[in-house]
Amino acid sequence: MNNRVTELLHIRYPLIQAPLYFLTSAELVAAVSNAGGLGTLGPHAGQDSLPGSRYIALDRMRKEIRKVKALTANPFAVTLINGPDMSFWRPTAEMLVEEGVEVVLINEVLDAEIYDFFKRHRIKTLYRALTPTIANSKEAEKLGADIIIATGFDEGGTVPCRVIGTFSIVPMIADSVKIPVIAAGGIGDVRGVRAAMALGAEGVFAGSLFLTALENPADEKVKRLIVNSSAEDLLLFRTQPAYYRTLPTDLSPKLAELEAQDTDRETMFKAMNGYHSLWQAMRLGNFDQGVVSTGTGISVIKSVRPAAQIVADLMQDF
Ligand SMILES: Cc1cc2nc3c(=O)[nH]c(=O)nc-3n(C[C@H](O)[C@H](O)[C@H](O)COP(=O)(O)O)c2cc1C
């Protein structure tokens with residue numbers, strides 16, 4: 001069953017595996033794309049060390065893209081920009097054109113030059129605001145974004161600055177633009193997919209669920225912790241720019257204590273070990289040095305499975 005999303009992205013199923021910072025790889029992305037969804041390479045995909053510079057990171061990403069191309073002939077996406085800093089977009093965009101990448105994910109940035117660049121090169125753009133609003137969605141549509149990802153407060157990773165859940169954000173954004181909207185945040189099984197489609201989404205964007213995929217490079221301890229936990233185990237704490245969640249780690253009691261004392265966001269961000277938090281705890285399994293971030297949809301995730309099984313399970317109605 002095709003819809004606007006499958007037709008625009010040339011994929012079988014309207015399901016996107018979300019970028020997960022250090023926790024994606026060519027193997028994961030190719031497995032999702034081979035199964036008919038759209039895999040996405042996130043920042044530092046497939047790496048087992050942090051890069052010394054942005055140029056090294058760019059070169060590593062090119063190599064990871066080539067690995068994906070060796071593993072699948074199907075389309076996949078790459079994260080162009082991961083936050084408000086767009087200073088390095090052009091070298092990245094040129095590399096993506098050279099490598100024949102068909103879909104890019106643009107976080108936050110609304111800049112006509114960037115959307116025009118990709119239109120010219122016939123590359124599809126997914127726009128995802130950290131905090132989706134009617135205004136930023138309309139602006140993305142005006143600039144020529146192909147699809148909008150509407151993310152609810154249920155999501156894992158850096159959560160939106162406004163506390164609007166997926167059930168509320170999806171119809172709000174779907175009613176405000178004509179281009180397709182994809183739902184993100186809290187989707188853990190086929191019931192989440194059905195709900196998203198009923199709310200006006202034309203596809204789903206799932207992150208936490210793919211942390212538990214067999215091919216995900218996350219530490220095994222992390223996968224076990226997720227399948228043995230529910231949303232009740234998550235600690236929500238303030239940090240920069242808004243909030244984060246963590247399952248219990250050796251660091252989380254300290255974060256809970258600081259949160260209870262109304263500690264400021266900058267101090268909280270340092271206490272969580274900044275963005276190295278995910279590298280340390282989730283990639284390397286050092287639970288004393290970071291957090292295990294997931295969305296609130298994890299209660300329904302019961303096993304570690306190959307990505308293809310996750311895709312088949314979620315897309316059983318299509
Ligand atoms: C551990 C983790 C890391 C994430 N890192 C990124 C990232 O680097 N870039 C990004 O755009 N989104 C990131 N996200 C957000 C996801 O792309 C996606 O929006 C989110 O996972 C959807 O909600 P769900 O986790 O409930 O499925 C991350 C999410 C998680 C759980």
Side-chain angles (χ1 to χ4, degrees), residues 15-25 28-29 32 37-45 47 50 57 61 77-85 104-109 126-132 148-160 165-167 169-170 182-189 191-193 195-196 201 203-213 216-219 222-223 225-226 229-231 234 236 239 241-247 249 272 274-284 290-301 310 314:
L15 180 155
I16 301 179
Q17 162 257 310
L20 297 157
Y21 218 20
F22 311 105
L23 301 162
T24 66
S25 63
L28 174 67
V29 168
V32 173
L38 187 81
T40 307
L41 287 174
H44 311 294
Q47 303 308 313
L50 294 172
M61 185 54 84
V78 178
T79 306
L80 174 79
I81 295 174
N82 203 35
D85 176 13
V104 298
L105 173 69
I106 301 177
N107 280 307
E108 290 299 280
V109 174
L126 312 174
Y127 169 71
R128 191 173 90 89
L130 171 65
T131 304
I148 290 180
I149 315 289
T151 313
F153 195 74
D154 320 44
E155 78 160 327
T158 306
V159 302
T166 306
F167 254 73
I169 205 85
V170 171
I182 288 183
I187 294 160
D189 68 8
R191 290 170 293 181
V193 177
V204 295
F205 189 83
S208 299
L209 180 57
F210 283 103
L211 289 170
T212 60
N216 191 294
D219 190 88
V222 170
K223 297 183 188 182
L225 181 61
I226 297 173
S229 301
S230 76
L234 284 161
L236 178 76
T239 184
Y243 300 93
Y244 235 78
R245 291 191 180 88
T246 183
L247 286 173
T249 67
M272 74 177 267
Y275 291 118
H276 283 206
S277 203
L278 300 187
W279 175 255
Q280 284 295 338
M282 298 185 74
R283 183 70 177 80
L284 304 181
V291 302
V292 172
S293 165
T294 76
T296 54
I298 56 164
S299 317
V300 298
I301 306 173
I310 297 178
L314 261 66

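Starting from 1, each residue takes its place in the sequence as its number. Each ligand, and each atom within it, is numbered from 1 in the order the structure gives.
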[atom2] on [Y] to [atom1] on [X], rounded to 0.5 Å:
| X | Y | atom1 | atom2 | value |
| --- | --- | --- | --- | --- |
| His276 | Phe22 | NE2 | CZ | 6.0 Å |
| Leu28 | Thr40 | CG | OG1 | 9.0 Å |
| Asp189 | Ser299 | CG | OG | 10.0 Å |
| Ile226 | Leu209 | CD1 | CG | 9.5 Å |
| Ile169 | Ile149 | CD1 | CD1 | 13.0 Å |
| Ser208 | Ile187 | OG | CD1 | 10.5 Å |

Enumerated ligand 1 atoms positioned under 4.0 Å from heavy atoms of [X]:
| X | value |
| --- | --- |
| Phe205 | 17 (O), 18 (C), 19 (O) |
| Gly185 | 22 (C), 23 (O), 26 (O) |
| Gly157 | 28 (C), 29 (C), 30 (C), 31 (C) |
| Met282 | 1 (C) |
| Gly156 | 15 (C), 20 (C), 23 (O), 24 (P), 25 (O), 26 (O), 29 (C), 30 (C), 31 (C) |

Any non-hydrogen atom of Leu209 lying under 4.0 Å from ligand 1?
no
[atom]: which protein heavy atom is closest, and how many Å away?
| atom | answer |
| --- | --- |
| atom 21 (O) of ligand 1 | Gly207 CA, 3.3 Å |
| atom 19 (O) of ligand 1 | Glu155 OE1, 2.9 Å |
| atom 4 (C) of ligand 1 | Leu20 CA, 3.5 Å |
| atom 12 (N) of ligand 1 | Arg128 NH2, 3.2 Å |
| atom 9 (N) of ligand 1 | Asn82 OD1, 2.7 Å |

Quick one: which of [options] has a heavy atom closest to [atom]?
| atom | options | result |
| --- | --- | --- |
| atom 26 (O) of ligand 1 | Gly186, Pro43, Gly295 | Gly186 |
| atom 6 (C) of ligand 1 | Ala45, Pro19, Ser293, Ala18 | Pro19 |
| atom 24 (P) of ligand 1 | Pro160, Ser208, Ala206 | Ser208 |

Looking only at heavy atoms, is any part of Asn107 under 4.0 Å from ligand 1, and if so is it the side chain, the backbone, or both, or is it neither?
side chain
Tyr21 versus Leu278, closest heavy-atom pair with distance:
CD2-CD1, 3.9 Å
Heavy-atom closest contact (Met61 atom, Leu41 atom, distance)
SD-CD1, 4.0 Å
Knowing that exactly one of Val292, Val291, Thr296 qualifies, which makes a side-chain contact (heavy atoms from CB on, under 4.5 Å) with Arg245?
Thr296
Counting only nitrogen or oxygen atoms and a 3.5 angstrom limit, does Ala184 reach ligand 1?
no
Is any N or O atom of Tyr21, backbone or side chain, closer than 3.5 Å to an N or O atom of ligand 1?
yes
What's the verdict on side-chain contact (heavy atoms from CB on, under 4.5 Å) for Leu211 and Lys223, showing C-alpha distance, side-chain angles and the deciding distance?
CA-CA 7 Å; Leu211 289 170; Lys223 297 183 188 182; over 6 Å; no
Which label fits Tyr243 and Phe153: parallel for a plane angle under 30°, tilted from 30 to 60°, or perpendicular past 60°?
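It falls in the perpendicular class, over 60°.
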